[in-house]
Amino acid sequence: MIWTIIIIIVAVILIKFFIDYNKDNYDLQGGTILDKFKHLIQILNDSAFEGEGRISLTDKRRCNLYKDGANQIIILNYGTGILTITWRYKYLHKEVVHEKQYNDVRKISIFEQQKMADLMINEMNQVIENHQISVLKYI
């Protein structure tokens, strides 16, 4: 009896996941994460790399934003209606990682992308400042 309940719960979770995953295909409408979050990526690029960052598309749901020789990389991953931004920053060979997850971004406007980018940039500026202070304490 208990195994039946567990199997049913697992099946419901898996079915919901695959339904949400297929909704991503509809959201991307034959495009990629670059098309869906174009404005957000541009703002992050302007802030982190002065607009000179390069985009590497891993697959249609994941991309990296970086600049050769720079000490940071921004990774965007979209799945099941959730956008996860991971920003890695290296200072004096010590790395800090800041990650933020944005839920329910299926129907996201340019205004909301601007707001998300501004929030992420402000948070990362504080993370970088704290990281630099922390690293310099041990030199």
Side-chain heavy-atom pair Ile33, Arg61 within 4.5 angstrom cut-off: no
Verdict with supporting geometry, Lys36 and Thr32, side chain to side chain contact (heavy atoms under 4.5 Å, CB included): CA-CA 7 Å; Lys36 184 163 184 72; Thr32 66; over 6 Å; no
Short side-chain to backbone donor-acceptor contact, Asn71 and Tyr91, under 3.5 Å: no
Side chain to side chain donor-acceptor pair (under 3.5 Å) against Thr86, all qualifying residues, sequence neighbours excluded: Glu99
Side chain to side chain, Asn103 and Gln101, heavy atoms closer than 4.5 Å: yes
Side chain to side chain contact (heavy atoms under 4.5 Å, CB included) between Leu76 and Ile41, worked out: CA-CA 9 Å; Leu76 290 90; Ile41 292 169; 3.9 Å; yes
Stepwise side chain to side chain contact (heavy atoms under 4.5 Å, CB included) test for Thr84 and Tyr78: CA-CA 6 Å; Thr84 304; Tyr78 177 67; over 6 Å; no
Distance (rounded to the nearest 0.5 Å) between Leu65 CG and Trp87 CH2: 8.5 Å
Straight-line distance of Lys67 NZ to Gln72 CD, nearest 0.5 Å: 10.0 Å
Hydrophobic cluster identity match, Phe37 and Leu57, side-chain contacts under 4.5 Å: yes
Show the atom names and distances, to 0.1 Å, of all donor-acceptor pairs under 3.5 Å that link a side chain in residues 128-136 to residues at least two apart or in another chain.
residue, atom, partner, partner atom, Å
Asn130, OD1, Gln126, NE2, 3.2
Asn130, ND2, Gln126, O, 3.4
His131, NE2, Lys94, O, 2.8
Gln132, NE2, Tyr89, OH, 2.8

Candidate pair Cys63 and Leu34, rule side chain to side chain contact (heavy atoms under 4.5 Å, CB included), full reasoning: CA-CA 8 Å; Cys63 71; Leu34 302 177; 3.8 Å; yes
Atom pair CD1/CD1 of Ile85 and Ile74 - distance to nearest 0.5 Å: 8.0 Å
Transitive ILVMFWY side-chain link Val105 to Met120, under 4.5 Å: yes
Distance, nearest 0.5 Å, that separates CD of Gln113 from CG of Leu44: 10.0 Å
Partner residues of Asp68 under the salt bridge (charged side-chain N to carboxylate O under 4.0 Å, His left out) criterion, sequence neighbours left out: Arg54
Path from Met124 to Phe49 over hydrophobic side-chain contacts below 4.5 Å: yes
Rounded distance (nearest 0.5 Å) linking atom CG of Asp35 with atom NZ of Lys60: 11.5 Å
Distance (rounded to the nearest 0.5 Å) between Glu112 CD and Lys107 NZ: 11.5 Å
Check: Leu119 and Lys115 side chains under 4.5 Å, non-hydrogen atoms: no
Qualifying residue, where the test is side-chain contact (heavy atoms from CB on, under 4.5 Å) with Leu83 and the options are Leu40, Asp104, Asn77: Leu40
